[in-house]
Enquirer: 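The following block contains the structure, expressed as structure tokens.
Residues: numbered from 1 along the sequence shown. Counting starts at 1 for both ligands and their atoms, in listed order.
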Amino acid sequence: MAFPTETVYGLGANALNAEAVAKLYAVKGRPGDNPLILHVRNLGGAIALAGDFPEHARKLAREYWPGPLTLVVNKSPALPAWVGGHPCFTARTVALRVPSHPSALALIEAAGVPIAAPSANKSGAPSPTDASHVEADLGGAVDYILDGGEISVGLESTVLDVTGGGAVILRPGAVTAEMLSAVLGTPVREAALVSGESPRSPGTKYRHYAPRAEMTVVCGNPEACAAYIAGKLSAESRPGGILATAQTEKYYKNYFKDRIHFYTLPEAGDSASGGLQPGEIAALAAGDRADPQTVARNLYACLRRFDSLGAEVIYAEGVGESGLGRAVMDRMVKAAGGNVVFV
Ligand code: TXA
Ligand code: MG
């Protein structure tokens, strides 16, 4: 069953039932070596599944749970070896999170078991931030979709490895490095930024969050970004998409005049696919550069919208990396398969 959390929609199953968990992997088309987050109702529920739950991790849990923080801890030896991942694999650690969405908490409470829940999208696609996205990806394959309406964060939780006394960010999210450092009193680093270190969160090695179109992230000040993107799309014959910001709409309107259509979210019931003609350009303002939260909330819906419009090439404006901007850039760059230019 799919259900809303404050970050993205999850596809949930009893984390202790091997058959149910195997089905999760099959429905998503998820590689078996990519483990799952177990959703629990409170810190006590998390401690019960952990081999050890270190004091610094408890401090973070007390501060940020319920909320968009996942803690990777050593697993309780009392649990079957596979729990935390695919039943054909062995998991030494387990990723735990207490979501804050009331529907998610009610579901965990009613189930009375930890709920394993990856994002409720087909593996590789952008995570769902609306029940309609779940329906589009997994509609025929899930029994129920609990429609929780609007999602507040829009990007997946921060994944933090707290084993071995450390605190390493495996996936940036709404609980930022600064927020974690403030509680721990020491700087918290991000795994992927350390050169030579292989990704410890298996999920980070796969292409993720990606639209069907070829995507490029363009970083720079608003005017320079708009000029670069306008130049590229002027020479482009395929239907194009621009992930713009509130600051740049005016430039594109000026460059492209009536070749460009500005769309809004949510799509007003017109999910018809392939709407764009060759040489036409669809633009979506993801949000405000000064407020990365707005971009975070709309990013995946925008990428899905470009797909449904039939865009074949997308240029997305990058945002500043402070606060939640870091997580936004992480997802954008992955969606673009690492295709980034600085102007
Ligand atoms: O916000 C979220 O975290 C959403 C909602 C539904 O809770 N869930 C989510 O799950 O994004 P998923 O499966 O799409 O991403 C989980 C990430 C993957 O990158 C996975 O590799 C990592 O967490 N992960 C899970 N268990 C792990 C473990 N034991 N050690 C390291 N990384 C782990
Ligand atoms: Mg996912």
Enquirer: Which is closest to atom 6 (C) of ligand 1 by heavy-atom distance: Ala120, Gly154, Gly10?
Expert: Gly10
Enquirer: Using a cut-off of 6.0 Å, state whether more than 12 heavy atoms not belonging to Glu55 lie near its atom CD.
Expert: yes
Enquirer: Could you give the distance from CD (Gln247) to CD (Glu317), rounded to the nearest 0.5 Å?
Expert: 8.5 Å
Enquirer: Under 3.5 Å, N or O to N or O, is Asn34 touching ligand 1 that way?
Expert: yes
Enquirer: Salt bridge or not for Glu190 and Arg171, using N-O below 4.0 Å?
Expert: no
Enquirer: Identify whether the distance between the nearest side-chain nitrogen and carboxylate oxygen of Arg304 and Asp137 falls below 4.0 Å.
Expert: yes
Enquirer: May I ask you to check whether Glu156 has an N/O atom sitting below 3.5 Å from an N/O atom of ligand 1?
Expert: no
Enquirer: Quick one: does Arg92 get a heavy atom under 4.0 Å from ligand 1?
Expert: no
Enquirer: Under a 4.0 angstrom heavy-atom cut-off, which atoms of ligand 1 come close to Pro118?
Expert: 10 (O), 12 (P), 13 (O)
Enquirer: Ligand 1 versus Leu170, non-hydrogen atoms closer than 4.0 Å: side chain, backbone, both, neither?
Expert: side chain
Enquirer: Are Glu236 and Arg259 within salt-bridge range, i.e. N to O under 4.0 Å?
Expert: no
Enquirer: Can you sort out which atoms of ligand 1 are near Val8, meaning under 4.0 Å from one of its heavy atoms?
Expert: 4 (C)
Enquirer: Suppose I only count heavy atoms of Ala95 and a 4.0 Å limit; which atoms of ligand 1 are within that range?
Expert: 25 (C), 26 (N), 27 (C), 29 (N)
Enquirer: Within a radius of less than 6.0 Å around CZ of Arg92, do more than 12 heavy atoms belonging to other residues, nucleotides or ligands occur?
Expert: no
Enquirer: Under 4.0 Å, counting heavy atoms only: does Pro99 come that close to any atom of ligand 1?
Expert: no
Enquirer: Looking only at non-hydrogen atoms, which of Ala174, Ser157, Ser119 approaches atom 14 (O) of ligand 1 most closely?
Expert: Ser119
Enquirer: Which of the atoms in ligand 1, numbered in the order shown and given with their element, are less than 4.0 Å from a heavy-atom of Thr7?
Expert: 1 (O), 2 (C), 4 (C), 5 (C)
Enquirer: Counting N and O atoms only, with roles assigned by atom type, does the side chain of Tyr25 sit under 3.5 Å from a partner on the main chain of Asn34, one being a donor and the other an acceptor?
Expert: yes
Enquirer: Indicate, with yes or no, if the rings of Tyr300 and Tyr209 have centres closer together than 6.0 Å.
Expert: yes
Enquirer: Please work out whether the ring planes of Phe89 and His86 are parallel, tilted or perpendicular, with thresholds of 30° and 60°.
Expert: perpendicular
Enquirer: Give yes if a backbone or side-chain nitrogen or oxygen of Thr5 is under 3.5 Å from a nitrogen or oxygen of ligand 1, and no if not.
Expert: no
Enquirer: For ligand 1, is there an N or O atom under 3.5 Å from any N or O atom of Thr93?
Expert: yes
Enquirer: Could you enumerate the protein N, O or S atoms under 2.8 Å from the Mg ion (ligand 2), written like residue then atom name?
Expert: Ser119 OG
Enquirer: Examine the proximity of ligand 1 to Arg30 and report which part, side chain or backbone, both or neither, has a heavy atom under 4.0 Å away.
Expert: side chain
Enquirer: To the closest 0.5 Å, what do you measure between CZ (Phe306) and CD1 (Ile242)?
Expert: 8.0 Å
Enquirer: Can you tell me if Asp307 uses its side chain to pair, donor with acceptor, with the backbone of Arg212 under 3.5 Å?
Expert: yes
Enquirer: Compute the minimum heavy-atom distance from His39 to ligand 1 and say whether it is under 4.0 Å.
Expert: yes
Enquirer: Is the terminal nitrogen or CZ of Lys253 (NZ for Lys, CZ for Arg) located under 6.0 angstrom from the six-membered ring centre of Phe262 and within 45° of that ring's axis?
Expert: yes
Enquirer: Spell out, as yes or no, whether a donor-acceptor pair under 3.5 Å connects the side chain of Lys122 to the backbone of Arg30.
Expert: no
Enquirer: Let me confirm one number: the CD-CE distance from Glu321 to Met329, rounded to the nearest 0.5 Å.
Expert: 5.0 Å
Enquirer: Under 3.5 Å between any N/O of Lys28 and any N/O of ligand 1: does that happen in this structure?
Expert: no
Enquirer: At under 4.0 Å between heavy atoms, is it the side chain or the backbone of Ala117 that contacts ligand 1, or both, or neither?
Expert: backbone
